[in-house]
Amino acid sequence: MKTRNTNKLLVLIMLLVLGGCNQPQEKKITSNDIAIIPQPKKIELLKGQFLISGSTKVIVSNNDDKSIADQLVHRFKTVAGFDMEISQKVEGSNTIQFVNDKNLGKEEYRLEVLEDKALITAGNTGGFLYGVETLFQLLPPEIKGNKQVDKDWILPTVKIEDGPRFKHRGLMLDLSRHFFDKTYLLNTLDRMVMHKLNVLHLHLVDDQGWRIEIKKYPLLTKKGAWRVDQENAPWNGRAENDPNEKGTYGGFLSQEDIKEIIAYGQERNIEIIPEIEMPAHVSSAIAAYPELSCFDTPIGVPSGGLWPITDIYCAGKEHTFSFLEDVLDEVMGLFPSKYIHIGGDEATKTNWKKCPHCQKRIKEEDLKDVDELQSYFVKRIEKYINSKGRTLIGWDEILEGGLAPKATVMSWRGTAGGIEAAEKGHDVIMTPESHCYFNFYQGPQDEEPLAFNAYLPLNKVYGFDPVTENMSVDEAKHVLGGQANLWSEYINTPKDSEYMLYPRLSAMAEALWSTKEIRDWEDFARRLKKQFVRYDQLNINYAKSAFLVTALASADLAKKEVAIALDNEFPNSDIRYVMGNEPFADEKVIRYKEQITVSETTVLQASLYEEGQRVGKIFTDTIKFHKAFAKEITLDPLYSKSYKGVGEGTLVNVVRGSKNFHDGQWQGWLEDEVEINIDLGDTQKVDEVIVGTLENQGAGIYFPTSVVVYGSENGKDFKKIDELKRDYAINGGADLLDMKLNFDETTIRYIKIKITNLGTSPKGGGTWLFLDEIVIN
Ligand code: ACM
Ligand code: ZN
C-alpha cells in the first residue's frame, strides 16, 4: 500500500514537472502502466526511460549467470530481431548489467533502471532469473511472444527491491489420471518462472497410471502406464477392467525425459519433487506386480474413478519394502531434490485387517491397529529416505498413527494437519483444498467445463495465506510455503490443464511471493489485465471466468416479486444489462447500480465493462413466472435438513438452481417417493407441468425415474392426468433436466405430483432426488 501511494505522489510530481515542458517523444509512464505479478516488495518509479536497442550490451561477469543472460538475449532476438552482445567487461552506458552481491538472499534481487542502463543485482541464479523476469514485465507484453514486432522496447526508470515471502512456492501436476508429456512439462517450467514459482511437484504414481520408468521393474510402465481406453465414458462410471485386457491409453516419462526436465528446471531455479505414492493409490503398480498386494489378486489398471481404495501395498510382506527401496533408489538417483514425496493419503486398510502378513507384522512390531501399521510403513520408508540424505514429505494422513520423526507434512484436508505438524515442530507445506485445489470450478458451474464439484474462484486463491491466524510465531516458522494442486481426473489435454491453471496461478504466485502488506486485490485485478496480454502472447488457454457476471435471485413470495443482484469477482466492477428480448447492444445497456426487481417473465442479459468496452461473455438469465408462483405447496415427506433450498416455497419461487447442487436453490430427498401438493388458489386451465431436477451421480444425486401428475377441482377427488418415465443412464457430469409433461388442457385447482427416486445406486447405497422448481403452465 505504502509503495503505491508513494508511486502516486511521484507520478503527480512528475506530471507537474513535465507539465510545462515540451517532450513530445516521451510517452509518460505512470504507476498504472506498471503491472508486475507477483507484486514486488518495493517499487519506486522515477521519471525517465531507457530504450533498449540492438546495440544494448548485456554485461555478465560471472559465468554461472551466462545462461540467464542467454535467455534474455534470445527473447530480444525473437521479438525485436536484436543481436545483443554479451560481454564480461563492465562497460558504462547502454547496458543491461548483472551485478553480483552475495549479501542478497537466494532469490532476492534489485532492479535499477537508469536512463542509460539497467542493473540487475543478485547473489544467486534465482535472483538474476527473477530480476530478468521483472525487467520483462516492465516492457510491452509482446516481449513474451514468439514473433518479431515493431515496438519501442522502453523500460521506465525504476528502483525495485524484491524477494519472496515463502521459500516453497509450488505447483503440483497429476500425471497419473491423465498423462502429460515432457513438452508440456518444459513449457510449464517456463511459465512457472514467469510466476516466480520454484517447486514443481510431479504426482507420478496413482491408481490410473504409473508414469515413471523404473529399470528394475519394467512392468510398472509396460503394464502399469496403460489402461483400457474408456475415455468416452464418464470418469466415475468406467467399468472395472479385466486384468488380461491390454491397456492402450496412457504414457510415461522415460528416465531420459526426467533428466531433461530436471536440468531444465535447475536452469530456472525450480526444484522438481517426485511423488511416489504409497501405500494406497497404487493400483497401477499392483496391476503390474500383484504380489505387492495382500492377497496377490490380479487386477487391471483402473480406467477411471475408484473408491474406496482397497487394493494397496501389503505392509506385512518384506518384498513390498525391498521393491519400494529399489524404486526409491532409482528415483533418488534421478531427482536431486531435497524432498521425496511418498503420498500416504486415502488408504482404506480393509485388506490389512484380514491379511495374515499384515496381522503378523502388527503383532511382531507391537502395533495397536492398522493406523499404527501405516505409521510403521511410513516411518520405515522415512528411515530409508533419510539414510540417503533426503527428507520425506507426505500428505497429512501420515499424522495418523504417529508422525515419522523428520517428515514434512503437506496439509490438504484443510490446514489442521499442517497446524498439528507445526506444533510438533515439523515443517509443513500448506495446500488446503479450500484455496489450493485448481481442479475445482473457477466460475459459475453452468458456464464452465466439467470439473470437480467444488468452487475455487480467483479471488479466493488470492486470499490464500499459508500461515493461519492462530499460529504462533514459532509454528509459522515451520510453514515453508504453499502450492497449487491440479488433479487431472477431468483434465484430458494440455489446453484443459492451462485453463485450470491460469490465471489462478497468478493469484497463487502473489499469495506465496508478496508480503501480506502489499497484497491488494483491487490492484491485482488491474495488473491481471496486462498479465492476460502476456498469456495471449504465450498462447496460453487461460480462463476468463473471473469476467463472468453472476446473478443471485431471491423471491419475495408475499410481494410476489423476484429481486436479482448482479455481481462479479472484481471490486467496483462496471456491470451493464438489458431487459426484455432486445439484443444486447452497447447503446442499449443500463449501468447496474442496485438489484433489479421483476414481477413478470423477464429475460435479463448482462456483461462486464471496462473503460466503456465490453469484456467477458454475455450472461443471460430468464426468470419465468408461472401459475404456481407463490402458491401454497406441501411436501410429503419434507426435504432433508441438509438440502432445504431456501425453505418453504422453494419449488414455487421461480428461482432456478444451477448445476452446483450447493447453490442453495435445491431441495433434496433420500426417500423413494415424494408427493407434492399445490393449490393454485382458484380453478385454472393447465396443460403443462415441469419438474426441475438435477443429476450428479458422483455425488449420489440421480434424476427421478418417474413423475405422475394428478388434478382435482375440489381437492378431494383426484384424477391422473399424465405420467412420464425415465430410465437410469450413466452420466459423468452434473446436468440439469426439466422433466416436462404436456397434456390436453384441463381445468383444475389442486395438483398432486408423485416423483419417484431411483432408490439404489448402481454402486450400492441410497440415491438423492433433487428438485428446484415445479412449473405449472
Ligand atoms: C489428496 O487430494 N488426496 C491429497
Ligand atoms: Zn498384507
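Counting starts at 1 for both ligands and their atoms, in listed order. Numbering of residues begins at 1 and proceeds along the displayed sequence. Excluded from the calculations below are hydrogen atoms, water molecules and symmetry mates; all remaining heavy atoms, backbone and side chain alike, are included.
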Next on the checklist: Is the distance from the ring center of Trp768 to that of Tyr643 below 6.0 Å?
Outcome noted: yes
Next on the checklist: If you take the centroid of each ring, where Trp contributes its six-membered ring, are Phe440 and Phe452 closer together than 6.0 Å?
Outcome noted: yes
Item to check | salt_bridge(Glu498, Lys495) N-O dist < 4.0 Å | outcome: yes
Item to check | Glu365/Arg380 salt bridge by N-O under 4.0 Å criterion | outcome: no
Checklist outcome for this item: Taken in chain and number order and not counting sequence neighbours, the residues that satisfy ring pair (Phe, Tyr, Trp, His ring centres under 6.0 Å) with Trp521 are Tyr462, Phe524, Phe570
Checklist entry - Are the aromatic ring centres of Phe323 and Tyr217 under 6.0 angstrom apart? => result yes
Checklist entry - Taking the Zn ion (ligand 2) as the center, what protein N, O or S atoms are found at less than 2.8 Å? => result Cys294 SG, Cys314 SG, Cys355 SG, Cys358 SG
Next on the checklist: Run the salt bridge (charged side-chain N to carboxylate O under 4.0 Å, His left out) test against Glu448 and tell me which residues pass, sequence neighbours left out.
Outcome noted: none
Next on the checklist: For Glu569, is there an ion pair with Arg504 - N to carboxylate O distance below 4.0 angstrom?
Outcome noted: no
Next on the checklist: Distance under 4.0 Å, heavy atoms only, partner ligand 1: which residues pass?
Outcome noted: Asp345, Glu346, Trp395, Trp412, Tyr437, Trp487
Checklist entry - Using 4.0 Å as the upper bound for N to carboxylate O, is an ion pair formed by Arg361 and Glu318? => result yes
